[in-house]
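Have a look at the structure below before the remarks.
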Number of protein chains: 2
Amino acid sequence: MRRMTARPANAHQARLLRLLRDGGPNSRAQLGDQVDLSRSKLAVEVDRLLETGLVVADGLAASRGGRRSHNIRLAPELRFLGVDIGATSVDVAVTNAELEVLGHVNQPMDVREGPVAVFEQVLAMAAKLKASGLAEGFDGAGIGVPGPVRFPEGVPVAPPIMPGWDGFPVREALSQDLGCPVMVDNDVNLMAMGEQHAGVARSVHDFLCIKIGTGIGCGIVVGGEVYRGTTGSAGDIGHIQVEPDGRPCACGNRGCLEAHFSGAALARDAEEAAHSGRSPELAALVEAEGFEGRLSAADVAAAAAAGDAVALELIREGGNRTGQVIAGLVSFFNPGLVVIGGGVTGLGHTLLAAIRTQVYRQSLPLATGNLPIVLGELGPTAGVIGAARLISDHLFSPA
Amino acid sequence: MRRMTARPANAHQARLLRLLRDGGPNSRAQLGDQVDLSRSKLAVEVDRLLETGLVVADGLAASRGGRRSHNIRLAPELRFLGVDIGATSVDVAVTNAELEVLGHVNQPMDVREGPVAVFEQVLAMAAKLKASGLAEGFDGAGIGVPGPVRFPEGVPVAPPIMPGWDGFPVREALSQDLGCPVMVDNDVNLMAMGEQHAGVARSVHDFLCIKIGTGIGCGIVVGGEVYRGTTGSAGDIGHIQVEPDGRPCACGNRGCLEAHFSGAALARDAEEAAHSGRSPELAALVEAEGFEGRLSAADVAAAAAAGDAVALELIREGGNRTGQVIAGLVSFFNPGLVVIGGGVTGLGHTLLAAIRTQVYRQSLPLATGNLPIVLGELGPTAGVIGAARLISDHLFSPA
DNA sequence: GGGCCTTTGTCCTCTGCGTGGAGAAAGTTG
DNA sequence: CAACTTTCTCCACGCAGAGGACAAAGGCCC
């Protein structure tokens, strides 16, 4: 089928498309209430959007006391692809234009294999989604990568955990392969956008989104927009020092947050505890059948749930350290919300409680007074929804 | 005389006014080059501004190869008042519409005396400036206070070092007393705006401005706009913990940056060193004639310049601690510039060197690669220029 | 000094956006 | 079925802004 080629011709049309994306099908009259345009002008713009095929008529709306209005919705055959590349796995999802996830696949993978191998896999996953009848093609794709990105060009810059990606023209290459517009961003920023669009951060303008996975990063949203910093490395809080002369870190320093608490650090600690015999629960897991050599955050969570003291202590200590850093960020940034997400969120409320304690104790009341600190609500779909949102923001803006 | 009553009627006029403010007198042709409007449209808007009296003709411009153009400038009789209230002194200045400081007075004062007493003094200082012929009245005033402000209303909220100001309607009250529009902001934010307008931060979009005075604060500029946070307390970095179980702080916690290094902490340390006899230079200062009981940052600077080892060590240690915090902020915020200012800047390059060392060592190369860390260039005028800028931004925006 | 070019300023026309009103169409309520 | 609401369409008018034509003013070269 023909893919979306048209783009909104002016700011009004872009505004309308975003309203339809965020609010679902809407009557012309309801749209009129939201955009402050005269009825005639609105009718003209809607008609033009109908002509382009970006939106379609969708039956009659319920009456609001008089004549019933016609419903309008985004073209139901529009498809966005959301790709979230993590350190050890990829998520790929298809959404419609309203950013509802229609299909989602996840596969283990190692970013260190380099962009060519990874994108081969991503394309295969996208093809699988297509083959299952969810899409006949894609109108745009958003890609998240676990490292800093020069945003306008869509190119990773000096990513510590993915050497070989430095300077690889991700946007350019994928745009070629997929035959549609592509935008690239840091995975943490996309998680923030996802939670903003469909998760806990709806209607919050300034917030932080902390992702604790293999590494630790932080998405920063200022005035509803993601802030990326001067070189695209804003939010890189994994290498803030939490322990003078602490553990050596891959970055060359000592005592980085990431060296003391993150998916990777936690796994190391857990294995150490298992082998030293301090933790019977973890030792049992290591010796269990089908174990393939590595403990994970989920294992630690399981051990903690079973009452293992060492596992609980690992989580609590990590939460304290993370909370200490977050307390500093809260003082500095004064957000309206802090979202915690990423693979380690399996540790759940033990972790959250430790973080909260630390933040509420260390930051000033004015900043913490009405500050919710919550777990992300979307889990692994936050990234792909954020990716879809990224490209739709791009496409639903004046040409 | 009649004061400015008119305001720009639309975004174009506001744009033109700001261009004239930031670029000084300009020919109509030069303005045309900058605003992307047709000559006819530009002429219409300029004529309207001339009618309002906000701008005036100012002779002929130099030829650019053809007919000479007429110069336009902001009305030379416009006056803004900039007020910078510190913990222990006030700065009041008059500027013209181009934000050039025409007169500047500084007086010692104690904020803890409360808003009524302080504003009495401020009004007297403003009257003095008026009496010296610099102004016949004020078209607007910007006020900086040393604590968080609910910005839209111009009201201090829960300011730690100025109890008695909490909830005082500063904007409202001063607007009454001065008979002109008033805007209120945190003093650190104003310093940032000052350095952005006329100092080292010109043409930088994202930067941090760290003010080390009686306390420590940080102005945050995102995309050229000051970021104030959800409750107006963004940038409050004085209470970030730098030393677990460190010195007790007025905020109730221990180990806050401000407890270990700030104008107040430095003075205490210096006096301690003087009395214990570890520092001959400082002891000499204390015993010198005319000494009124308190050492200051300037005294420490003098001692350090004279080679006093203890003074140097105090500065170096403070710089290390500050640098440690800034390193974290740099990782998080990825600014394009860090400006250091405030009373303690007298400590100069010893301090700067210590900060730089710490930041460049602790933050990742991608964030520090091209990151200048410099002293503010405006000193005590940064605040008042920022204050004038604040109110002019307000007045030079569409009504 | 004179001719020619460039730049600037003014005037005029034309286009097209957007408003607001009138009136028809479609529903609801009593 | 009548009266009132809401929605939709059509139309006329106002107006902002673009762009061209032309005049004014100065520079440059001979």
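What you are looking at is a predicted structure, and each value in this text was computed from that prediction instead of being measured. Reminder, nothing fancy here: chain letters follow the sequence lines and each chain counts from 1.
In this entry the distance linking CD of B/E45 with C1' of D/dA16 reads 10 Å, nearest Å. As rounded to whole Å, 19 Å separates atom P of C/dC17 from atom CG of A/D36. In this structure, the CG atom of B/N71 is 18 Å from the P atom of C/dT7, given to the nearest Å. Rounded to whole angstrom, the span from the CG atom of B/L31 across to the C1' atom of C/dT8 amounts to 13 Å. Atoms CZ (B/R39) and C1' (D/dG20) sit 9 Å apart, rounded to a whole Å. What separates NE2 of B/H70 from P of C/dT8 is a distance of 12 Å, to the nearest Å. Summarising the geometry, the separation between CG on A/L42 and C1' on C/dT19 is reported as 13 Å, rounded to the nearest angstrom. At whole-Å resolution of the value, CZ in B/R68 and C1' in D/dC28 are 17 Å apart.
Among C/dC17, C/dG9, D/dA18, the nucleotide with an atom closest to any side-chain atom of A/R48 is C/dC17. Closest contact between the side chain of A/R28 and the listed nucleotides C/dT8, D/dG27, D/dC8 involves D/dC8.
One N or O donor and one acceptor, one from the side chain of B/R67 and one from the base of C/dT8, sit under 3.5 Å apart. In this model, a side-chain donor or acceptor of A/S40 finds a partner on the base of C/dG20 within 3.5 Å.
Looking at A/D393 and A/M193, their side chains come closer than 4.5 Å, going by heavy atoms from C-beta outward. A/L390 places a side-chain heavy atom less than 4.5 Å from the side chain of A/F151.
Of all heavy-atom pairs spanning B/L134 and B/R79, the tightest one is O-NE, 2.6 Å. Across B/V221 and B/A192, no two heavy atoms sit closer than the pair CG2-CB, 4.1 Å.
In this model, the phosphate group of C/dT7 is not approached by any side-chain N or O of B/S69 to a distance below 4.0 Å at OP1 or OP2.
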Stepwise salt bridge (Lys or Arg N to Asp or Glu O under 4.0 Å) test for B/E45 and B/R15: CA-CA 11 Å; B/E45 296 298 356; B/R15 179 86 199 283; over 6 Å; no
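Comparing A/L37 and B/G66, the nucleotide of DNA chain C nearest to each residue sits closer to the 5' end for B/G66.
When heavy atoms are screened at a 4.0 angstrom cut-off, B/A43 is found touching no nucleic acid atom at all. Among the protein residues, A/S38 comes within range of the nucleic acid bases, having at least one heavy atom under 4.0 Å from a base atom.
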